[in-house]
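Here's the structure we're looking at; comments come further down.
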Protein chains: 2
Amino acid sequence: MEKVTMKDVSRQAGVSMSTVSRVLNSPESVNREKREKVLNVIKELKYHPNALARGLVYKRTNSLGVLIPDVSNAYVAEVIRGMEDTALHFGYNLILCNTDLDQEKMVKYLQVLKEKQVDGIVFTSEPVTSELNELFEQLGLPVVLASTQSLEYNLPSVKVDDEKAAYDAATYLIGKGHRKIGMISGPTFDIISGATRYYGFQRAMKEKLQINAENMVEFGSYRFEDGYNAMKKLLKRKPDMTAVFSASDEMAVGAITYLHEEGISVPGDISIMGYDNTKFASMYIPKLTTVAQPMYEIGKTAVEKMMEQLEGKEETTLRSYLAHQIIERDSVRER
Amino acid sequence: MEKVTMKDVSRQAGVSMSTVSRVLNSPESVNREKREKVLNVIKELKYHPNALARGLVYKRTNSLGVLIPDVSNAYVAEVIRGMEDTALHFGYNLILCNTDLDQEKMVKYLQVLKEKQVDGIVFTSEPVTSELNELFEQLGLPVVLASTQSLEYNLPSVKVDDEKAAYDAATYLIGKGHRKIGMISGPTFDIISGATRYYGFQRAMKEKLQINAENMVEFGSYRFEDGYNAMKKLLKRKPDMTAVFSASDEMAVGAITYLHEEGISVPGDISIMGYDNTKFASMYIPKLTTVAQPMYEIGKTAVEKMMEQLEGKEETTLRSYLAHQIIERDSVRER
DNA sequence: CTGAAAGCGCTTACAG
DNA sequence: CTGAAAGCGCTTACAG
């Protein structure tokens, strides 16, 4: 299976390489007969242009690098899906990089992506440290932030307004008649999804119920086990809670599992509200009432923003917020 | 941010490009002083070699194309994770392609991957049609099959022995004292995961219980809704079943949901056994007893097989089977 | 150990 | 409309 190149095609078709190239890139500029001849030879020889060579002269590869914490995370996977569909639509491919939130891996990947001449980087679900920002600048590649943002650096970003979303969730719970509401929060050092949701919750408690709910909160890292453990502590401390808002669906499910083991019914005794609306949420018993993040749309919008940058469009909004939505299902009941 | 090339480095360091190149590729062959000089200039100028140019001469890109049905599928995402970690380990990157089982998209992607000069293709979770096989041959790229296989074509593959796994699952249920066992199967036209698991189940019924269980089966496409609907039909037809084996965790959960709505307890009244062991399975109530596929390992092994091919190692096993495992949890009870 | 030159496979002014 | 030539950024024999 010898590689067939443009030279082979040109020879076989009896034209110059320039002509073959033109047939590929601006067919109208080529005499019809020749064009068809070339096209036939291309088919016959099964010629595939070499995108490396082409990229070398165009200085574009139509490839994007995507940094994510972990594909196997349901939330992330959905975001990627949105990115990939959109990239395909614009004729781009995605190079996938799992960082595990590991700075070293990120730096390594960024290096490689630069070398592979990706046209841009989509950076997902991770805070932008100053080292990272410096690296971005040094690489000189367009960067778009998906499901994260930076207040310090001027990087285009797309995410949900987490503070507002959490505020709305708490308000929803209050609207359902709940007064003693706990929260299972992400870590407050996570300024993207931890602190924001925490403050949104607190603000609702303050504004709507005039209470300081700081002691109604336990923390975890968004995982099932974290939710389970947090619920255990929370229940011990505040046995009279009637509802709990969890900063992730997975923690919500962990919480429900603990309550179930204790013979406490959801939503009969305690209502549980999640966050994310991963697929999981609607397949659970009880089906989870939760704050939906438009994951697919976040991925889609991030890539669209990247395209705007690459196409040199005028600056659109730097920091975009996509609408969240409260999905009413069965894990919260009226009180 | 002007692009700095090897030429810039060579000029600045006062050596030839050849020398710069050598410093990068076989540093020992370069005089120490010069080498350090060059290294310093590289650092100073923040030089990043251009992988396109390099790939053009090496005829290798250290990139792999990955065709998958859908990243947002938990099973697939886990497989990809295994691939990506392993690829990284070997110094490779992954270009992600969601096919949605759409032949046209596949063909299109394969075309692009060929043009981008990927070193190989990992094809996942989809049957290999004759058109596809022809395309593979035409492209002349190494292909490895992950979580699928081909009996007709000699393509290296990695998967679980689904027939045996289903056989073991049914046997497990029988061992727990169940005699009237239903199955929610994938479609039999799906010869990879549908027919195989179906036959494995039937074989166990025949060998262990001497019964023909053909009328104990309903079919679905592995999704939640399918499981729900199949369970409904199955229950109507065979109300005296005590256990059901589902060809996916998601369908198992759909089935449980239906039973729950009918006030039938799992595993109290009916035991349910799943397949896959996606993360989901252990977070459910009841925690799902299921057949675990080593998803991460499948991805890992697939990439390892690819590396063997690329490194021209001697042929190892063409069709590999990774061990499945029965994970006992709470959705099946002794009878 | 080091440099000049050719070549990897394309595209793009520049002439004609 | 078409071809020859230069160039994209690297590597690799080939001399020295």
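Numbered from 1 within each chain, the chains take letters A, B, ... in sequence-line order.
- Annotated stems with DNA chain D as a participant read C:1-3 with D:14-16, C:5-12 with D:5-12, C:14-16 with D:1-3, given as range with range, by first number; only runs of 3 or more Watson-Crick or G-U pairs under 3.5 Å qualify.
- Between A/Lys3 atom NZ and C/dC8 atom P there is a gap of 13 Å when expressed in whole angstrom units.
- Note on B/Ser16: every side-chain N or O is 4.0 Å or more away from OP1 and OP2 of C/dT2.
- Annotation: side-chain contact (heavy atoms from CB on, under 4.5 Å) contacts of A/Ala53 (sequence neighbours excluded): A/Asn50, B/Leu56.
- For the pair B/Arg60 CZ and C/dG9 C1', the interatomic distance rounds to 18 Å; values are reported in whole Å.
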message: At under 4.0 Å between heavy atoms, how does the protein contact nucleotides 11-16 of chain D? Give one character per nucleotide, 5' to 3', with B, S or -.
response: BBB---
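- Residue pairs that meet the salt bridge (Lys or Arg N to Asp or Glu O under 4.0 Å) test with at least one member in residues 43-58 of chain A, sequence neighbours left out, do not exist here.
- Put simply, NZ on B/Lys59 is 9 Å from P on C/dC10, counting in whole angstrom units.
- Listed by first and then second residue, the salt bridge (Lys or Arg N to Asp or Glu O under 4.0 Å) pairs involving residues 83-97 of chain B are B/Arg81-B/Asp85 (not counting sequence neighbours).
- Side-chain atoms of B/Ser16 and B/Thr19 include a donor-acceptor pair closer than 3.5 Å.
- Whole-Å rounding puts the A/Lys7 NZ to D/dA5 P distance at 13 Å.
- Considering only the side chain of A/Thr5, C/dC10 comes nearest among C/dC10, D/dC8, C/dT2.
- Rounded to an integer number of Å, the gap from CG of B/Leu56 to C1' of C/dA6 is 13 Å.
- Following rounding to the nearest Å, A/Asn50 (CG) and C/dG9 (P) show an atom-to-atom distance of 7 Å.
- If you check the side chains of A/Lys305 and A/Ser320, you find a donor sitting under 3.5 Å from an acceptor.
- Residue pairs meeting the salt bridge (Lys or Arg N to Asp or Glu O under 4.0 Å) criterion with at least one partner in residues 20-31 of chain A, sequence neighbours excluded, are absent.
- For B/Tyr109, there are no ring-ring contact (aromatic ring centres under 6.0 Å, His included) partners two or more places apart in sequence or in a different chain.
- With sequence neighbours excluded, no residue forms a ring-ring contact (aromatic ring centres under 6.0 Å, His included) with B/Tyr75.
- Separating the CZ atom of B/Arg11 from the P atom of C/dG3 is a distance of 15 Å, rounded to the nearest angstrom.
- B/Glu115 places its CD atom 12 Å from the C1' atom of C/dC10, with the value rounded to the nearest Å.
- Residue A/Lys34 is the one, among A/Lys34 and B/Leu52, whose nearest nucleotide of DNA chain D lies closer to the 5' end (criterion: closest heavy atom).
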What donor-acceptor contacts under 3.5 angstrom involve side-chain atoms of residues 150-160 of chain A, with partners at least two apart or in another chain?
| unit_1 | atom_1 | unit_2 | atom_2 | d |
| --- | --- | --- | --- | --- |
| A/Ser150 | OG | A/Glu152 | N | 3.4 |
| A/Ser150 | OG | A/Tyr153 | N | 3.0 |
| A/Lys159 | NZ | A/Asp162 | OD2 | 2.7 |

